Amino acid sequence: MLLDNHVIRDSTTPTKGLFWFRHDLRFHDQVALSSLCQQVDELTLLYIIDDSWFVPNSYGIQPVGEHRFNFLIDTIEALNEKASALGHSILTLKGQTPELLVSLLSSNAYTHFGVTAHGGYNERREVEAVSRFFPNIEIVMGESSSLFNQDDLPFNLEVMPDVFTPFKRKIESAIKPCDPVATLTALPSPFTPDIDTKSRYTLNRCPSRNQAEGTFVGGEEAAHSHLNSYLFEWKVAASYKETRNALDSWRDSTKLSPWLATGALSARYVIQEVKKYEQNVVKNDSTYWIYFELLWREYFYWLQQKFGPKWFQFDGIKSKMPNTSHDPQVFVSWCNGQTGYPIVDACMRQLAVTGYMSNRGRQLVASCFVNELRQDWRYGAAWFESQLLDYDVASNWGNWLYLAGVGTDPRENRQFNLQKQTEIYDPNGEFCAKWLG
């Protein structure tokens with residue numbers, strides 16, 4: 001996708017580009033940045049830490065909690081280290097995003113504004129606002145947040161299938177994931193804009209680090225290191241389908257989601273590497289299942305664009321009012337892992353300590369929240385948004401809609417038997433003992 005205002009300029013006038021990193025904190029598979037680099041003489045790389053992240057929202061929850069923020073800053077610092085090798089630094093600002101963008105674009109003679117397309121409702125509105133208020137600036141957009149480009153989809157978003165299985169069938173019969181574009185190895189000359197020094201956020205230059213097993217380290221190199229270990233050192237992708245529901249084992253699932261969420265890792269690159277694994281190691285149901293799970297991510301990515309603000313509404317995309325409410329004491333007990341359901345409490349305490357929870361765990365705690373505790377699903381979604389290292393607006397809110405019965409689940413009232421689930425996934429009680437002990 002290329003959104004271009006087609007402004008005619010004097011060819012002798014130096015062109016200046018401002019590239020705004022958001023959920024694409026990497027230099028590999030950077031479609032928008034690659035395109036922008038071909039069009040400008042000078043370049044500024046920007047990241048904005050928005051003040052609203054640290055102010056309680058309508059649910060009384062700080063949108064970006066400590067674990068998530070630390071991982072994000074780690075990722076930005078790693079990106080800054082890579083930028084420095086290309087003669088640049090990431091201009092990191094803290095404040096109100098609209099005001100900072102207006103200040104930068106109004107007073108620094110930028111001719112181009114680059115940004116990666118993203119499916120989030122607020123993310124799309126941000127770019128639309130820049131286009132509307134700065135009609136003389138060429139806006140360069142590229143798609144690399146998803147496996148597929150919008151123009152390649154075998155349907156218009158307005159009529160895309162609401163249910164996952166028809167979506168998957170249409171996709172698999174029509175198109176294949178896009179190949180990632182080459183990693184950027186050179187950038188235009190750096191341009192340092194005039195900006196209020198009070199808005200600057202100081203980054204620490206971090207040394208290159210290898211991804212240690214069992215910990216999430218932010219950044220592109222750590223993401224690539226982990227993916228390489230998972231596929232080609234441990235070679236455990238061959239058993240992914242059988243082991244992916246484990247509650248607390250590092251190698252039993254891919255653990256790629258935090259890097260995918262920050263954009264330190266491209267889903268298109270993941271698929272490219274999985275294909276190499278299939279060619280050189282083994283191709284089976286498990287390697288397909290990695291693609292299958294990325295298709296779920298893709299499904300929510302496009303579905304959120306179909307439904308816009310309904311993604312966040314109590315009655316969801318079904319316009320069906322749940323028979324639940326918000327009880328502050330019950331909510332706090334759930335957040336703190338004090339519900340009285342051991343498997344739920346263990347998962348919630350794991351989240352509090354690590355910022356991560358398995359996919360199976362997320363389904364169990366969400367089912368408990370909605371069905372056993374009868375709570376307003378949006379508070380659970382907002383808590384996950386604050387706490388999860390791998391928070392993604394599409395997958396997080398889409399999955400909560402699904403479990404709350406106001407999304408696109410063809411089975412209504414999807415309630416998990418918590419005792420049975422405990423017997424299946426923690427038969428010896430080791431997980432509960434670890435986190436409840």
Side-chain angles (χ1 to χ4, degrees), residues 59 61 120 161-168 244-247 253 257 261 292-304 306-307 309-327 330-331 333-335 337 339-351 356-388 390-422 424-426:
Y59 306 105
I61 300 169
D162 287 349
V163 176
F164 173 72
T165 299
F167 168 86
K168 180 179 79 75
R244 61 194 169 88
N245 281 311
L247 297 175
S253 63
S257 57
F292 177 85
E293 295 292 355
L294 286 173
L295 278 182
W296 268 102
R297 176 181 181 270
E298 195 77 7
Y299 163 69
F300 285 133
Y301 178 83
W302 297 111
L303 196 68
Q304 69 179 334
K306 177 178 181 177
F307 288 100
K310 290 182 69 65
W311 205 244
F312 310 101
Q313 293 175 4
F314 183 50
D315 59 353
I317 61 182
K318 283 187 175 178
S319 298
K320 172 187 174 183
M321 297 300 289
N323 184 24
T324 57
S325 60
H326 174 60
D327 183 319
V330 173
F331 175 63
S333 296
W334 178 80
C335 293
T339 67
Y341 297 97
I343 194 71
V344 171
D345 292 344
C347 287
M348 294 303 294
R349 295 185 194 185
Q350 178 191 37
L351 174 63
Y356 186 80
M357 188 192 303
S358 69
N359 179 61
R360 176 59 51 173
R362 297 179 203 203
Q363 294 182 64
L364 298 183
V365 303
S367 176
C368 177
F369 190 76
V370 171
N371 295 300
E372 274 78 16
L373 304 180
R374 310 301 301 170
Q375 294 300 295
D376 181 340
W377 68 272
R378 297 171 299 171
Y379 284 83
W383 183 249
F384 271 23
E385 175 177 343
S386 174
Q387 298 299 302
L388 285 170
D390 62 3
Y391 170 72
D392 172 88
V393 62
S395 294
N396 181 65
W397 289 82
N399 275 302
W400 273 95
L401 284 161
Y402 200 85
L403 264 297
V406 294
T408 59
D409 185 357
R411 280 176 49 193
E412 299 206 3
N413 301 318
R414 187 180 292 263
Q415 182 174 2
F416 288 91
N417 182 317
L418 297 176
Q419 181 58 39
K420 183 177 180 180
Q421 292 287 307
T422 303
I424 294 172
Y425 296 108
D426 192 27

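Atom set for the values below is all heavy atoms of this structure, side chains included, hydrogens, waters and symmetry mates excluded. As the structure is a prediction and not an experimental result, all values here were calculated from the model.
- Between the side chain of Asp345 and the backbone N or O of Gly340, at least one donor-acceptor pair lies under 3.5 Å.
- In summary, the side chains of Gln421 and Gln363 do not present any donor paired with an acceptor at a separation below 3.5 Å, with no hydrogens or angles considered.
- Residues Arg244 and Ser358 are not in side-chain contact: their nearest non-hydrogen atoms beyond the backbone lie 4.5 Å or more apart.
- Checked by atom type and distance alone, the side chain of Asn371 never pairs as donor or acceptor with a backbone atom of Phe416 at under 3.5 Å.
- Nearest heavy-atom pair across Arg414 and Ser367 is O-OG, 4.0 Å.
- The closest side-chain heavy-atom distance from Val370 to Gln375 is not below 4.5 Å.
- Remark: the Tyr402 side chain and the Trp397 side chain contain no N/O donor-acceptor pair separated by less than 3.5 Å.
- When each of Trp383, Phe384, Trp400, Tyr341 is paired with Phe369, the ring-ring contact (aromatic ring centres under 6.0 Å, His included) condition holds for Trp400 and for no other.
- In this structure, Arg374 contributes its side chain and Thr324 its backbone to no donor-acceptor pair below 3.5 Å.
- In plain terms, the two heavy atoms of Pro166 and Val163 that are nearest each other are CD-O, 3.2 Å.
- Interatomic distance, CG of Leu364 versus CG of Leu247, reported as 7.0 Å (0.5 Å rounding).
- Among Arg362, Met357, Arg360, the one residue that satisfies the side-chain contact (heavy atoms from CB on, under 4.5 Å) test with Cys347 is Met357.
- For the atom pair CD of Glu385 and CZ of Phe312, the computed distance is 8.0 Å after rounding to the nearest 0.5 Å.
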Let me see the working for His326 and Tyr59 under side-chain contact (heavy atoms from CB on, under 4.5 Å), right down to the final yes or no. CA-CA 10 Å; His326 174 60; Tyr59 306 105; over 6 Å; no

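- Taken to the nearest 0.5 Å, the CH2 atom of Trp311 stands 6.0 Å off from the CD atom of Gln304.
- When all heavy atoms of Leu351 and Leu388 are compared, the closest pair comes out as CD1-CD2, 3.6 Å.
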From CA spacing to verdict: side-chain contact (heavy atoms from CB on, under 4.5 Å), Ile317, Leu303: CA-CA 10 Å; Ile317 61 182; Leu303 196 68; 4.2 Å; yes

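- Residues Phe300 and Trp296 place their aromatic rings such that the two centres sit under 6.0 Å apart.
- Using a 4.5 Å heavy-atom cutoff, the side chains of Leu373 and Cys368 are in contact.
- Asp390 and Ser257 make their closest contact through OD2-OG, 2.6 Å (heavy atoms, listed as atom of the first residue, atom of the second, distance).
- Considering Trp302, Tyr299, Tyr301 as possible partners of Phe167, the one that fulfils the ring-ring contact (aromatic ring centres under 6.0 Å, His included) test is Tyr299.
- With 3.5 Å as the limit, one finds no donor-acceptor pair spanning the side chains of Asp162 and Thr408.
- Between Tyr391 and Ser386, the closest side-chain pair of non-hydrogen atoms is not below 4.5 Å.
- Trp334 is listed as a side-chain neighbour of Met348, based on a closest heavy-atom distance under 4.5 Å.
- Between the side chains of Asp426 and Thr422, not a single donor N or O lies within less than 3.5 Å of an accepting N or O.
- The shortest distance between side-chain heavy atoms of Pro322 and Val406 falls below 4.5 Å.
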